[in-house]
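In what follows, every heavy atom counts, from backbone to side chain, and hydrogens, waters and symmetry copies are set aside. Count residues from 1 along the sequence.
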Amino acid sequence: MSETPPNTLQYRFDGPEEAPVLILGPSLGTTWHMWDRQVPELTKQWRVFRFDMPGHGGAPAHPAGSVADLTARLLATLDGLGVQRFGYAGCALGGAIGIELALRRPERLASLAVIAASPRFGTADEFRRRGVIVRTNGLDPIARSAPERWFTGGFAAAQPAITEWAVQMVRTTDPGCYIAACEALASFDVRAELGSVGVPTLVLVGSEDQVTGPAEARTLVAGVPDARLAVVPGASHLVPVEQPAAVTDLLVRHFSTAWQPAFESATGQTALPASAAVAVPGQPVPAVAPAQPAPVAEIAPAVVPQQPHGRPDPYDSGMKVRREVLGDAHVDRVLAGTDEFSGDFQELLTRYAWGEVWDRPGLDRRTRSCVTLTALVAGGHLEELPVHIRAALRNGLTPADIKEVLLQTAVYCGVPAANRAFRVAQQVVREETTPQE
């Protein structure tokens with residue numbers, strides 16, 4: 001167990017101190033206990049390191065709003081312990097951390113397994129709406145629906161104690177840290193970078209997973225050069241809990257046979273592993289013969305991109321902010337309706353409204369939403385109000401906050417204007433904050 005500074009993670013070790021380190025990463029809403037059934041077998045060969053996400057499992061509530069931030073905290077924790085080289089297996093959000101490690105710090109990673117993971121988890125809108133629901137209603141609606149997302153119906157019915165454990169695990173998570181983790185998943189998208197993952201990778205998925213299922217797993221396998229696919233029958237999203245023996249066996253085989261040699265910093269060289277066998281979906285991953293010595297490849301020095309002269313074009317940053325605030329679905333609809341006549345106007349909005357003003361550091365997005373709602377009411381622009389009510393909820397305002405803003409407009413913009421705004425906002429808030437069944 002550990003004391004946890006803000007830039008690190010709560011962790012625990014199991015297994016012999018002299019063994020190589022194998023890290024197990026949890027999913028959103030779970031704790032390190034999701035790996036309890038794997039630990040006895042894995043500690044026969046490895047020193048197992050498990051960690052909790054911020055605000056999960058009693059960990060200090062220091063929210064982390066990106067996968068990169070969570071990865072940096074994990075590395076800071078390991079640096080403090082003197083752990084430089086390790087294997088890594090992670091489930092869902094934990095799997096995203098594993099992919100981030102493989103892309104940003106491949107010299108630290110000996111081998112990788114990603115479980116119930118994806119290069120992009122659903123859509124950004126889905127996770128940001130989940131954050132709105134938690135901010136408005138707390139974690140209880142998410143907790144009650146967790147067994148449906150995590151387990152097959154048969155397993156949930158046959159294992160009521162585990163089902164209740166899952167509900168309580170989510171219910172006791174810090175809401176702010178859960179919302180931040182939703183934002184981390186909303187912004188995670190490495191589809192264009194999968195070809196740069198250079199470590200042996202096992203992609204493992206439950207055959208009945210409706211969250212990140214076999215289709216997402218095959219996307220990973222198609223994109224990662226040295227990847228194998230294993231589909232576990234009769235399992236849903238939290239496959240290490242639902243099918244512990246199968247997952248344990250697959251992890252033991254993978255990490256026993258696909259542990260990449262360490263990068264040699266003195267020579268700038270590393271041995272290339274032999275290609276791994278590809279498993280047939282739905283069948284166990286076959287044992288892989290030990291890698292034969294391969295030619296030594298020299299690591300080319302990183303190319304430092306030339307910085308463009310002058311002020312950077314704010315269009316790209318504006319589009320990023322526009323999507324984060326208004327949602328992908330809305331922006332996609334607007335852009336789909338753009339033609340030659342309106343295209344320049346949409347470009348102006350993206351570049352100047354979103355890239356120049358909304359992206360300025362002087363005010364946070366929450367404050368900018370308050371200002372925007374007030375200005376729309378004052379100007380009578382109620383046709384723009386619904387999308388910015390939704391944006392305000394994404395930017396951290398609660399329904400109570402929005403009510404206070406509109407009450408203020410009644411004094412300074414007039415009661416008739418506020419009356420119309422309340423009718424619009426009431427409908428939008430009801431739609432956005434009602435948990436989906």
Undergrad: So, Thr152 side chain and Ala235 main chain: donor-acceptor pair closer than 3.5 Å or not?
TA: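 No, the answer is negative, given that no donor and acceptor are paired below the 3.5 Å cut-off.
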Undergrad: Using the side-chain hydrogen bond (donor to acceptor under 3.5 Å, both in side chains) rule, take Glu324 and Ser187 through it: C-alpha gap first, then chi angles, then the decisive distance, then the call.
TA: CA-CA 8 Å; Glu324 289 174 354; Ser187 59; over 6 Å; no
Undergrad: About how many Å separate CZ of Arg365 and CH2 of Trp358, when rounded to the nearest 0.5 Å?
TA: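 Result: 8.0 Å between the selected atoms.
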Undergrad: Got a sec: does the CZ of Arg360 have more than 12 other heavy atoms crowding it under 6.0 Å?
TA: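 No, CZ of Arg360 has 12 or fewer neighbouring heavy atoms, counting only those of other groups under 6.0 Å.
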Undergrad: Do the side-chain N and O atoms of Thr257 and Arg253 include a donor-acceptor pair separated by under 3.5 angstrom?
TA: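 Thr257 vs Arg253: no donor-acceptor pair found between side chains.
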Undergrad: Would you please test Phe121 and Leu28 for side chain to side chain contact (heavy atoms under 4.5 Å, CB included) and show each step?
TA: CA-CA 12 Å; Phe121 290 77; Leu28 172 62; over 6 Å; no
Undergrad: Once rounded to the nearest 0.5 Å, what's the spacing between atom OG1 of Thr350 and atom CG of Leu335?
TA: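 CG of Leu335 is found 6.5 Å from OG1 of Thr350.
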Undergrad: Applying salt bridge (Lys or Arg N to Asp or Glu O under 4.0 Å), run through Arg73 and Asp69 and close with a yes or a no.
TA: CA-CA 6 Å; Arg73 295 191 194 189; Asp69 189 355; 3.2 Å; yes
Undergrad: Find the distance between OG1 (Thr163) and CZ (Phe155) and round it off to the nearest 0.5 Å.
TA: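 One finds 6.5 Å between OG1 of Thr163 and CZ of Phe155.
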Undergrad: Which atoms form the tightest heavy-atom contact between Tyr315 and Arg351, and what is the distance?
TA: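 Taking every non-hydrogen atom into account, CB-NH2, 3.5 Å.
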Undergrad: About how many Å separate CG of Asp140 and CZ of Arg171, when rounded to the nearest 0.5 Å?
TA: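 Those atoms lie 4.5 Å apart.
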Undergrad: Out of curiosity, Leu22 CG to Phe49 CZ, how far, rounded to the nearest 0.5 Å?
TA: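 Here the rounded value is 11.5 Å.
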Undergrad: Check whether Asp125 reaches the backbone of Asp328 with its side chain - one donor and one acceptor, N or O, closer than 3.5 Å.
TA: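 Indeed, once roles are kept as given, a pair shorter than 3.5 Å links the two residues.
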Undergrad: State, to 0.1 Å, how close Gly206 and Pro214 come at their nearest heavy-atom pair, and which atoms those are.
TA: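 Where Gly206 meets Pro214 most closely, the heavy atoms are O-CD, 3.9 Å.
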Undergrad: Evaluate side-chain hydrogen bond (donor to acceptor under 3.5 Å, both in side chains) for Gln38 paired with Arg50, printing each intermediate quantity in order.
TA: CA-CA 11 Å; Gln38 280 72 43; Arg50 289 183 284 173; over 6 Å; no
Undergrad: Side chains of Arg228 and His254: any donor to acceptor distance under 3.5 Å?
TA: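 Their side chains do contain a donor-acceptor pair, which is all the 3.5 Å distance test asks for.
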Undergrad: In this structure, which one of Arg128, Arg130, Arg394 forms a side-chain hydrogen bond (donor to acceptor under 3.5 Å, both in side chains) with Glu183?
TA: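 Looking at Arg128, Arg130, Arg394, the match for Glu183 under the side-chain hydrogen bond (donor to acceptor under 3.5 Å, both in side chains) is Arg128.
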Undergrad: With Ser369, which of Thr374, Asp364, Asn395, Asp401 fulfils side-chain hydrogen bond (donor to acceptor under 3.5 Å, both in side chains)?
TA: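 Checked Thr374, Asp364, Asn395, Asp401 against Ser369; only one passes side-chain hydrogen bond (donor to acceptor under 3.5 Å, both in side chains): Asn395.
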Undergrad: If I compare all heavy atoms of Gly98 with all of Leu109, which pair ends up nearest, and what's the gap?
TA: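 Answer, listing the atom of Gly98 first, then Leu109: O-CD2, 4.1 Å.
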Undergrad: Using side chain to side chain contact (heavy atoms under 4.5 Å, CB included), reason through Thr201 and Ile99 one step at a time and then give a plain yes or no.
TA: CA-CA 10 Å; Thr201 303; Ile99 298 171; over 6 Å; no
Undergrad: Counting only heavy atoms from other residues, nucleotides and ligands, does the tally under 6.0 Å from CZ of Arg37 exceed 12?
TA: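 Atom CZ in Arg37 is not packed in, count stays at 12 or less.
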Undergrad: Indicate yes or no for a side-chain donor-acceptor contact from Thr123 to the backbone of Glu126 under 3.5 Å, with no hydrogens or angles considered.
TA: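 Checking the backbone N and O of Glu126 against the side chain of Thr123, a donor-acceptor pair under 3.5 Å is found.
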Undergrad: Would a 4.5 Å heavy-atom cut-off, applied to side chains only, mark Arg47 and Glu17 as touching?
TA: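 Counting from C-beta outward, Arg47 and Glu17 do come under 4.5 Å.
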Undergrad: Please identify which of these residues, Val134, Asp174, Ile133, meets the side-chain contact (heavy atoms from CB on, under 4.5 Å) condition with Ile179.
TA: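 Running side-chain contact (heavy atoms from CB on, under 4.5 Å) over Val134, Asp174, Ile133 with Ile179 returns exactly one hit, Val134.
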Undergrad: Decide salt bridge (Lys or Arg N to Asp or Glu O under 4.0 Å) for Arg135 and Glu432; before the verdict, give the C-alpha distance in whole Å, the side-chain angles of both, and the deciding distance to 0.1 Å.
TA: CA-CA 11 Å; Arg135 193 177 292 114; Glu432 291 296 307; over 6 Å; no
Undergrad: Just do the side chain to side chain contact (heavy atoms under 4.5 Å, CB included) check on Val83 and Phe13 with the steps written out, would you?
TA: CA-CA 12 Å; Val83 176; Phe13 273 119; 4.2 Å; yes
Undergrad: Describe, in one word, how the ring planes of Phe255 and Trp46 are oriented to each other, choosing from parallel (under 30°), tilted (30 to 60°) and perpendicular (over 60°).
TA: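 Perpendicular.
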Undergrad: Take atom CD of Glu164 as the centre, draw a 6.0 Å sphere, and report whether it contains more than 12 heavy atoms from other residues, nucleotides or ligands.
TA: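 Yes, the 6.0 Å shell around CD holds more than 12 heavy atoms from other groups.
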Undergrad: Taking the side chain as every heavy atom from C-beta outward, state whether Leu139 and Tyr178 have any pair of such atoms under 4.5 Å apart.
TA: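 Yes. Closest side-chain heavy atoms under 4.5 Å.
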Undergrad: Checking Arg108 side chain against Arg85 main chain: does a donor-acceptor pair fall under 3.5 Å?
TA: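 Side chain of Arg108 to backbone of Arg85: no pair is present.
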Undergrad: For Tyr88 and Gly94, indicate whether the former's side chain and the latter's backbone hold a donor-acceptor pair under 3.5 Å.
TA: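 Yes, the answer is positive, given that a donor and an acceptor are paired below the 3.5 Å cut-off.
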Undergrad: Taking the side chain from Thr43 and the backbone from Asp14, do they hold a donor-acceptor pair closer than 3.5 Å?
TA: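 The answer is no, because no donor-acceptor pair under 3.5 Å joins these two groups.
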Undergrad: If you compare all heavy atoms of His56 against all heavy atoms of Thr31, which two are closest, and at what distance to 0.1 Å?
TA: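 Scanning both residues, the minimum pair turns out to be C-CG2, 4.4 Å.
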Undergrad: To the nearest 0.5 Å, what is the distance between CZ on Phe51 and OG1 on Thr77?
TA: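 That separation rounds to 9.0 Å.
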Undergrad: Donor-acceptor pair, distance only, cut-off 3.5 Å: does the side chain of Asp226 make one with the backbone of Val199?
TA: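 Checked: no pair found.
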Undergrad: Evaluate the criterion side chain to side chain contact (heavy atoms under 4.5 Å, CB included) for residue pair Val232 and Leu250; output intermediate values, then yes/no.
TA: CA-CA 10 Å; Val232 178; Leu250 288 164; 3.9 Å; yes
